[in-house]
Participant: 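My questions all concern the structure below.
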There are 2 protein chains.
Amino acid sequence: MNSVTDHETCLVESDHHSLKLWLRLLTCSSLIEKKLRDELRLSFDMTLPRFDFLSQLERAPDGLTMGELSKRMMVSGGNISGIAAQLVDEGLIDRCQVPNNRRTFIVTLTQKGRDEFETIAKTHECWVIEMLGQLDQDDVKQLMNLLLKVKNTVLTDPTF
Amino acid sequence: MNSVTDHETCLVESDHHSLKLWLRLLTCSSLIEKKLRDELRLSFDMTLPRFDFLSQLERAPDGLTMGELSKRMMVSGGNISGIAAQLVDEGLIDRCQVPNNRRTFIVTLTQKGRDEFETIAKTHECWVIEMLGQLDQDDVKQLMNLLLKVKNTVLTDPTF
DNA sequence: AATAAATAGTTTAAGCTTAAAATATAAGAG
DNA sequence: CTCTTATATTTTAAGCTTAAACTATTTATT
């Protein structure tokens with residue numbers, strides 16, 4: 001059992017349970033992320049950040065500002081600028097100025113972007129279901145609850 | 001409540017629960033990882049990958065091969081080569097050939113590396129406890145269990 | 001109106017990460 | 001012993017990511 005080598009390998013009794021929890025969390029998300037990256041690359045010549053970017057826009061029919069994208073994707077503003085430039089080049093998004101604020105840009109999916117996203121998203125969801133769909137409904141419900149607690153606990157850390 | 005903007009923002013009812021679970025997992029580990037990165041940089045001018053590297057070695061008194069480090073850190077071999085080169089330059093690790101196999105290298109902590117790691121590790125554990133220590137013991141136990149299920153479910157995905 | 005402070009986004013330099021190709025060595029097959 | 005295959009690691013080129021510095025614009029203060 002558990003013959004896999006990962007972040008948790010060689011933890012000892014004395015390590016704090018918070019640390020163990022963090023490393024297990026990290027192992028799980030690394031595993032899933034790696035699988036999704038590989039599949040996206042092999043099947044669609046797409047990267048995870050680019051897919052995430054399109055994905056955020058698809059959920060926001062009116063488009064998003066660069067800043068809002070940065071928050072939702074939890075990455076730096078500079079990162080967003082770079083990815084946006086690529087996606088504009090590829091014709092997948094539009095990046096237009098808004099009337100009353102010359103600093104702000106609104107990014108939206110082009111039709112091509114919407115089409116491409118839809119194709120990939122279907123398969124992407126299948127991959128996720130392949131990986132996680134075997135879990136009990138009860139377990140999933142509990143996990144969602146507990147992870148929400150984790151998220152809120154982390155966010156209320158005063159040193160955050 | 002939940003006024004934070006992250007990977008989960010704007011998910012809709014129809015999204016599959018597996019997808020929602022994945023995004024919540026991603027949000028949690030992104031949050032924790034970001035905090036640890038920032039603190040390591042500000043307090044110790046250290047990066048997370050370098051710290052992970054030292055951390056793996058500290059748990060392996062006899063040292064590890066490059067390949068074993070690659071597996072435990074869940075990153076590519078090339079990545080390990082690069083980080084190892086830096087740490088050798090900084091005098092934190094040794095990288096020596098083994099007698100009977102001229103392909104293999106064994107990496108170990110130097111005394112300087114052990115000292116530096118120990119200093120940082122103490123504080124690192126505090127940060128993790130700050131973020132996760134408020135959780136109920138029961139919740140932590142359940143989470144560990146459920147995340148183990150996730151890990152095993154993901155690993156037994158036949159397409160993996 | 002002039003100045004200061006805040007906001008939105010981009011650029012830059014450095015480090016991380018990967019896949020694929022390359023190098024070197026070891027082990028196995030005939 | 002030679003040839004093939006497998007193993008261990010490094011190199012390379014491309015893309016991701018960030019913090020910090022920078023530009024431009026807007027808002028607030030005086």
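Within every chain, numbering begins at 1; the chains are lettered A, B, ... in the order of the sequence lines, protein sequences first and strands thereafter.
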Participant: Looking only at side-chain N and O atoms, does Q56(A) offer a donor or acceptor that is under 3.5 Å from a partner on D52(A)?
Facilitator: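 No pair is found: no donor N or O on one side chain lies under 3.5 Å from an acceptor on the other.
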
Participant: Between T27(A) (side chain) and L23(A) (backbone), is there a donor-acceptor pair under 3.5 Å?
Facilitator: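 Yes: the side chain of T27(A) pairs with the backbone of L23(A).
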
Participant: Rounded to whole Å, how long is the line connecting atom CG of D45(A) with atom P of dA20(C)?
Facilitator: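 Going from D45(A) (CG) to dA20(C) (P), I get 11 Å.
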
Participant: List the protein contact pattern of nucleotides 3-14 of chain D with one symbol per nucleotide (5' to 3'): B for base contact, S for sugar-phosphate-only contact, - for none; contact means a heavy-atom distance under 4.0 Å.
Facilitator: ---BBSSBB---

Participant: Is K112(B) salt-bridged to E116(B), cutoff N-O under 4.0 Å?
Facilitator: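 Salt bridge absent between K112(B) and E116(B).
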
Participant: Using atom CE of M74(A) as one end and atom P of dT18(D) as the other, report the distance to the nearest whole Å.
Facilitator: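 It works out to 10 Å between those atoms.
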
Participant: Using atom CD of Q86(B) as one end and atom P of dG15(C) as the other, report the distance to the nearest whole Å.
Facilitator: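 Checked: the CD to P distance equals 7 Å.
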
Participant: Please state whether the phosphate of dT17(D), meaning OP1 or OP2, lies under 4.0 angstrom from any side-chain nitrogen or oxygen of K34(B).
Facilitator: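 No, outside the criterion.
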
Participant: It should be established whether R41(B) places a side-chain nitrogen or oxygen under 4.0 Å from OP1 or OP2 of nucleotide dT18(D).
Facilitator: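 No, because none of the side-chain N or O atoms of R41(B) sits under 4.0 Å from OP1 or OP2 of dT18(D).
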
Participant: Expressed in angstrom and rounded to an integer, what is the separation of D52(A) atom CG from dG15(D) atom P?
Facilitator: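 About 18 Å, once rounded to whole Å.
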
Participant: Please classify the nucleic acid contact of R37(A) as base, sugar-phosphate, or nothing, using heavy-atom distances under 4.0 Å.
Facilitator: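 No contact at all - R37(A) keeps every heavy atom at 4.0 Å or more from the nucleic acid.
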
Participant: Whole angstroms only, please: what is the CG-C1' distance between L69(B) and dT17(C)?
Facilitator: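 Answer to the nearest Å: 16 Å.
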
Participant: Take atom CZ of R50(A) and atom P of dC16(D), then tell me their distance rounded to the nearest Å.
Facilitator: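 Nearest whole value for this atom pair: 5 Å.
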
Participant: Let me know the distance between CD of E39(A) and C1' of dA19(C), rounded to the nearest Å.
Facilitator: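 Distance check: E39(A) CD to dA19(C) C1' gives 15 Å.
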
Participant: On the 0 to 90° scale, with breaks at 30° and 60°, tag the H124(B)-F51(B) ring pair as parallel, tilted or perpendicular.
Facilitator: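 It falls in the tilted class, 30° to 60°.
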
Participant: Can you tell me if the side-chain N/O atoms of R102(B) get under 4.0 Å from OP1 or OP2 in dA24(C)?
Facilitator: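 No.
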
Participant: Show the atom names and distances, to 0.1 Å, of all donor-acceptor pairs under 3.5 Å that link a side chain in residues 139-150 of chain B to residues at least two apart or in another chain.
Facilitator:
from    : atom 1 : to      : atom 2 : distance (Å)
D139(B) : OD2    : K149(A) : NZ     : 2.7
K149(B) : NZ     : D139(A) : OD2    : 2.8

Participant: DNA chain C: T47(B) or D38(A), which has the more 5' nearest nucleotide?
Facilitator: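 The answer here is T47(B).
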
Participant: Can I get a per-line list of side-chain donor-acceptor pairs under 3.5 Å for residues 86-101 of chain B, giving both atom names and the distance, sequence neighbours left out?
Facilitator:
from    : atom 1 : to      : atom 2 : distance (Å)
Q86(B)  : OE1    : R50(B)  : NH1    : 2.1
Q97(B)  : NE2    : R102(B) : O      : 3.1
N101(B) : OD1    : R103(B) : N      : 3.0
N101(B) : OD1    : R103(B) : NE     : 3.4
N101(B) : OD1    : T104(B) : OG1    : 3.4
N101(B) : ND2    : T104(B) : OG1    : 3.3

Participant: Report yes if the side chains of V107(B) and I80(B) come closer than 4.5 Å at any heavy-atom pair, otherwise no.
Facilitator: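 No, every pair of side-chain atoms sits at 4.5 Å or beyond.
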
Participant: To the nearest angstrom, how far is L40(B) atom CG from dT18(D) atom P?
Facilitator: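 For the pair L40(B) CG and dT18(D) P, the rounded distance is 15 Å.
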
